[in-house]
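Every heavy atom of this structure was used, including side-chain atoms; hydrogens, water molecules and symmetry mates were not. One-based numbering, in listed order, for ligands and for the atoms of each.
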Amino acid sequence: MDIKNIVMHVDVNSAFLSWQAAYDKQIGICNDIRDIPSVIGGNEKKRHGIVLAKSIPAKKMGIKTGESLMEARQKCKNLLIIPPNYDLYIKASKALRELLKEYSPNIDVFSIDECFLNFTGMEKLCKTPEDTAYKIKERIKEQFGFTVNIGVSVNKLLAKQASEFLKPDNVHTLYPEEIKDKLWPLPVEELFMVGRRTKPKLNRIGIYTIGQLANSDYELLSSVLKSHGRLIYNYAWGRDDSIFTGQNQIPFKGVGNGSTIHFDVEDASTAYKILLSLVETAAKRLRDAAMQCRVVSVGIKNKDFGYLSHQRKMLTFTNSTYELFKNIRELFDEAWNGKPIRHMNVRFTDLEIVSKKQITFFQDEYSMKMEKLDSTIDMIREKYGVNSLIRAEYIGSGLKPVLGGYPVDEYPDMKSIL
Ligand SMILES: [Mg+2]
């Protein structure tokens with residue numbers, strides 16, 4: 001007999017908003033932003049600010065995730081717009097994963113607010129998987145103050161579809177025998193991987209529900225949509241053979257930080273200081289995520305909007321502020337043409353998860369010391385604020401020693417494929 005797999009998908013309800021609300025409560029703010037029309041979004045004054053998360057009252061007013069803050073404001077005059085706080089999200093996401101690990105050591109992170117739990121074999125230790133899912137959900141609510149939906153099934157795809165059913169604060173199952181009743185009546189765009197571009201193509205060949213997709217002509221679908229057609233056909237039948245890979249970090253591709261400068265930078269030493277302040281934030285973000293990078297790049301915008309950028313692949317992976325800055329400074333020297341600078345950015349890509357072994361093996365004594373220094377500085381700044389400890393060269397320079405928050409575009413719509 002086949003051994004049935006049990007998979008759970010845990011999805012934080014309106015994650016950014018819930019995490020902010022939970023944090024507000026912790027610091028003694030009584031008004032819950034979840035109860036009023038509110039959104040998390042970037043800078044309203046900048047044109048590209050978009051809605052990243054919305055409260056249920058905001059949703060009721062027709063506000064959608066991904067639309068511009070300007071559009072959202074038109075729909076609701078007294079909308080509360082809260083800037084994103086990625087530090088908080090990373091902390092909340094980590095805390096959630098730690099709790100989930102108590103229920104299964106086998107967890108794949110899907111995005112900052114979504115995890116898959118491989119519960120296969122664990123069901124022997126509980127009444128039913130649903131019963132445990134319910135307990136997990138209640139514990140998260142009680143311990144952290146935010147709610148989740150949990151989907152339970154036999155593979156990742158079905159578990160994810162199940163967690164999409166009625167929100168918030170719910171547990172749903174979607175076992176293969178339930179597909180016909182629970183999945184097939186839904187509009188086809190509610191199937192994972194059927195996006196805005198696929199939907200009209202399916203509609204054109206008469207497919208409007210997931211059931212119609214499942215019962216459509218496989219050859220036709222395959223000729224219209226190629227391999228993507230075959231994938232979503234199988235998804236409509238609940239077939240998914242993706243495995244657990246031990247992906248235990250938020251899958252983001254790169255970390256970047258940039259700043260527009262309100263005066264002309266005409267000398268390298270000022271430019272270095274600004275670059276260092278950008279590296280400080282971006283490097284800390286790598287360390288917070290237990291990631292290191294191998295590719296560094298620097299971008300420079302001149303007063304006349306000319307743009308130069310340079311990148312390099314380093315010999316080893318690192319997340320040390322010292323190492324990263326050293327490379328950034330060399331890149332800057334190679335790239336800069338001496339024209340007055342108005343904007344600079346740094347970016348770290350080609351990321352990998354830090355593994356303890358590598359660290360001690362390849363590093364020289366100096367960079368090991370620097371790494372210790374990094375973790376000490378991180379600790380002090382976390383405790384007493386970013387400006388509690390600053391590098392001497394910034395004193396009297398009029399420049400900020402640590403620059404920048406977390407740019408939104410670093411989390412490409414919070415998704416990756418299964
Ligand atoms: Mg979510």
Side-chain angles (χ1 to χ4, degrees), residues 7-24 32-35 38-42 50-60 63-67 72 82 84-100 103 107-117 133-134 136-141 143-153 156-174 186 189-196 247-252 289 406 408-418:
V7 176
M8 292 186 192
H9 179 251
V10 180
D11 182 3
V12 180
N13 302 128
S14 321
F16 292 177
L17 206 94
S18 301
W19 286 336
Q20 183 67 48
Y23 176 74
D24 286 351
D32 194 321
I33 54 171
R34 285 169 291 194
D35 300 333
S38 67
V39 297
I40 303 286
I50 59 162
V51 174
L52 298 168
K54 59 190 181 297
S55 67
I56 288 165
K59 188 182 178 179
K60 282 188 183 146
I63 290 166
K64 294 190 180 87
T65 304
E67 73 182 352
I82 304 143
N85 180 352
Y86 290 105
D87 268 333
L88 172 67
Y89 308 155
I90 287 170
K91 270 185 202 145
S93 176
K94 238 185 220 168
L96 175 64
R97 268 174 285 156
E98 288 305 315
L99 184 146
L100 294 177
Y103 296 88
I107 294 175
D108 274 6
V109 173
F110 184 62
S111 72
I112 195 163
D113 73 317
E114 294 177 49
C115 286
F116 289 104
L117 253 76
Y134 190 82
I136 295 174
K137 172 184 91 71
E138 288 301 306
R139 227 188 112 195
I140 293 168
K141 187 160 59 173
Q143 205 164 317
F144 300 135
F146 58 81
T147 61
V148 296
N149 260 40
I150 303 182
V152 186
S153 189
K156 284 182 171 179
L157 183 263
L158 288 173
K160 181 161 169 58
Q161 291 293 152
S163 74
E164 295 288 326
F165 296 154
L166 188 70
K167 293 179 183 183
D169 200 16
N170 263 314
V171 171
H172 300 282
T173 62
L174 180 56
L186 298 177
E189 63 270 26
E190 291 195 16
L191 184 65
F192 181 65
M193 293 300 281
V194 176
R196 260 180 238 173
Q247 163 68 44
N248 66 357
Q249 289 299 326
I250 305 155
F252 52 71
Y406 296 168
V408 169
D409 60 2
E410 293 304 319
Y411 296 87
D413 92 59
M414 295 288 155
K415 294 276 187 275
S416 65
I417 56 162
L418 293 174

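For the Mg ion (ligand 1), protein N, O or S atoms under 2.8 Å: 3 in total.
Between the side chain of Q161 and the main chain of L191, no donor-acceptor pair closer than 3.5 Å is present.
Of the options I107, V148, N149, a side-chain contact (heavy atoms from CB on, under 4.5 Å) to V10 is made by V148 and by none of the others.
Residues L100 and M8 are not in side-chain contact: their nearest non-hydrogen atoms beyond the backbone lie 4.5 Å or more apart.
The closest side-chain donor-acceptor pair between T147 and N13 falls under 3.5 angstrom.
Surrounding CZ of F144 are more than 12 heavy atoms belonging to other residues, nucleotides or ligands, all under 6.0 Å away.
Ion pairing between a basic and an acidic side chain is recognised when a charged N comes within 4.0 Å of a carboxylate O; K160 and E164 show such pairing.
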